[in-house]
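Shown next, in structure tokens, is the structure this report addresses.
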Number of protein chains: 2
Amino acid sequence: MTLNDPIEVTQTAYENSCGRASDPEVGGRAIREVLDRVGDKWSLLLIATLRGGRLRFSELQRHIPGISQRMLTRTLRQLERDGLINRTVHAEVPPRVEYELTQLGGTFIAIAEAVGQWAIENHAAVEAARAAYDERG
Amino acid sequence: MTLNDPIEVTQTAYENSCGRASDPEVGGRAIREVLDRVGDKWSLLLIATLRGGRLRFSELQRHIPGISQRMLTRTLRQLERDGLINRTVHAEVPPRVEYELTQLGGTFIAIAEAVGQWAIENHAAVEAARAAYDERG
DNA sequence: CGGTATCCCATCAGATACTG
DNA sequence: CAGTATCTGATGGGATACCG
């Protein structure tokens, strides 16, 4: 499979990726690979926030309430290392640093969309399930 | 939703979910809610593994190499509490316990598919980006 | 078979202080 | 402005032993 293949989720591709196919470990590793990359507390949110275009450090901090300076820096560095975002330092005083999704990072937006969408549609059901479970003890 | 439906996300729904809309915090919470639920090391993999139908505890353990008994139990309990899987205890000796996706859990399969698919298509590019980043220092 | 209970360590992540 | 450095408590998760 090449990088230029269209993104379409075929049954075969899924079987290869999710643990019931001939080699169950392939899918397990694939899923955990991507989770190790963007399954943390802030990565997905950062990708989603950068969807609209480049933003500078302080703008990201404002767009993502609750993130600490330390975690913003760390998450940005990790995403940069993984090739999902670009970091541009402008030689000015005061310094200006801008971040934007790479093309590779852009391919992940569909995932972020799907996750956000699922949350909106189903969080009420999950809350209800929790309440029921906790009440039963 | 059936398993073969494409993942379709409307622009409006996305804007509501990903931090550039009128209330940025809504999307942030939505995404982190679902990540807190299935963003851990094993949940998504478990959901993917249960896609093909009900499995008992020991079968799950065999299907997911590397998971400890403790983490399998913990993850199953959490997913059960959140209403994503059902746990059925058969009153037999020796005991038999089976797990299966609920309807709500089934709606999450599309996410698992998308994540697995993305990993397969892009993990080579990510590896290359990492190597390049690390070489530059 | 399908779990619990306990111990232990690595990593995560917030707070705070400092810097080019 | 955009970080780095350090400290600290919280959480994650494996290993092991035991149980109904």
Side-chain angles (χ1 to χ4, degrees), chain A residues 25 28-29 31-47 49-50 54-82 85-100 133 136-137, chain B residues 25 28-29 31-47 49-50 54-82 85-100 133 136-137:
Chain A
E25 299 196 38
R29 275 203 301 272
I31 284 187
R32 264 212 305 289
E33 248 174 61
V34 62
L35 280 183
D36 286 347
R37 214 142 269 132
V38 299
D40 60 274
K41 195 171 177 182
W42 301 109
S43 290
L44 198 57
L45 198 52
L46 221 72
I47 292 172
T49 304
L50 282 172
R54 54 173 49 180
L55 289 174
R56 52 197 297 185
F57 190 88
S58 52
E59 290 173 326
L60 283 169
Q61 215 165 6
R62 274 191 296 276
H63 273 288
I64 305 178
I67 195 170
S68 65
Q69 197 173 30
R70 168 186 149 92
M71 289 315 295
L72 181 54
T73 301
R74 280 175 54 100
T75 309
L76 285 169
R77 287 289 182 284
Q78 189 183 311
L79 291 174
E80 186 197 3
R81 176 171 183 249
D82 291 339
I85 64 174
N86 278 327
R87 176 173 181 266
T88 309
V89 183
H90 300 269
E92 302 171 3
V93 176
R96 185 170 104 252
V97 181
E98 289 184 318
Y99 296 89
E100 61 185 335
Y133 184 96
R136 291 196 308 267
Chain B
E25 299 196 37
R29 275 203 301 272
I31 283 187
R32 265 212 305 288
E33 248 175 59
V34 62
L35 280 182
D36 287 347
R37 215 144 268 132
V38 299
D40 61 275
K41 194 171 179 180
W42 301 110
S43 290
L44 198 56
L45 198 52
L46 238 121
I47 292 172
T49 304
L50 282 174
R54 54 171 51 181
L55 289 173
R56 52 195 297 186
F57 190 87
S58 52
E59 290 173 326
L60 283 169
Q61 215 164 6
R62 275 192 296 276
H63 272 288
I64 305 179
I67 195 171
S68 65
Q69 197 173 32
R70 167 186 148 91
M71 288 316 296
L72 180 54
T73 302
R74 279 174 54 99
T75 309
L76 285 169
R77 287 289 182 284
Q78 189 183 311
L79 290 174
E80 186 197 3
R81 177 171 182 250
D82 291 339
I85 65 174
N86 277 328
R87 176 173 181 266
T88 309
V89 183
H90 301 270
E92 304 171 1
V93 176
R96 185 169 105 251
V97 182
E98 289 185 318
Y99 296 89
E100 62 186 335
Y133 184 96
R136 291 196 307 268

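To find a chain, count down the sequence lines: A is the first, B the second, and so on, and within it residues start at 1.
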Spacing of [X] atom [atom1] relative to [N] atom [atom2], expressed in whole Å:
X	N	atom1	atom2	value
A:Arg87	D:dA2	CZ	C1'	8 Å
B:Arg74	C:dG2	CZ	C1'	17 Å
B:Gln69	D:dG20	CD	C1'	14 Å
B:Leu72	D:dG13	CG	P	13 Å
A:Arg96	C:dG20	CZ	C1'	18 Å
B:Ile67	D:dG13	CD1	P	10 Å
B:Glu80	C:dG3	CD	C1'	13 Å
A:Arg32	D:dG13	CZ	C1'	12 Å

From [atom1] ([X]) to [atom2] ([Y]), nearest 0.5 Å:
X	Y	atom1	atom2	value
B:Thr75	B:Arg70	OG1	CZ	9.5 Å
B:Glu98	B:Glu100	CD	CD	8.0 Å
A:Leu35	A:Ser43	CG	OG	11.0 Å

For A:Met71 and B:Tyr99, take the nucleotide of DNA chain C holding the closest heavy atom to each; which residue's nucleotide lies nearer the 5' end?
B:Tyr99
Below 4.0 Å: OP1/OP2 of D:dG14 and any side-chain N or O of B:Lys41:
yes
On the nucleotide C:dG3, are OP1 or OP2 found under 4.0 Å from the side-chain N or O atoms that B:Thr73 carries?
no
Candidates D:dG14, D:dT4, C:dG3 - which lies nearest the side chain of B:Arg77:
C:dG3
Nucleotide nearest A:Pro95 (side chain, heavy atoms from C-beta), chosen from D:dG14, D:dC1, D:dG3:
D:dC1
Minimum heavy-atom separation for B:Leu79 to B:Val38, with atom names?
CD2-CG1, 4.5 Å
Does B:Arg32 reach the side chain of A:Leu45, with side-chain heavy atoms less than 4.5 Å apart?
yes
How is A:Arg56 classified with respect to the nucleic acid when contacts are heavy atoms under 4.0 Å: base, sugar-phosphate, or nothing?
sugar-phosphate
Give B:Arg70 one of three labels, base, sugar-phosphate or nothing, depending on what nucleic acid heavy atoms sit under 4.0 Å from its own.
base
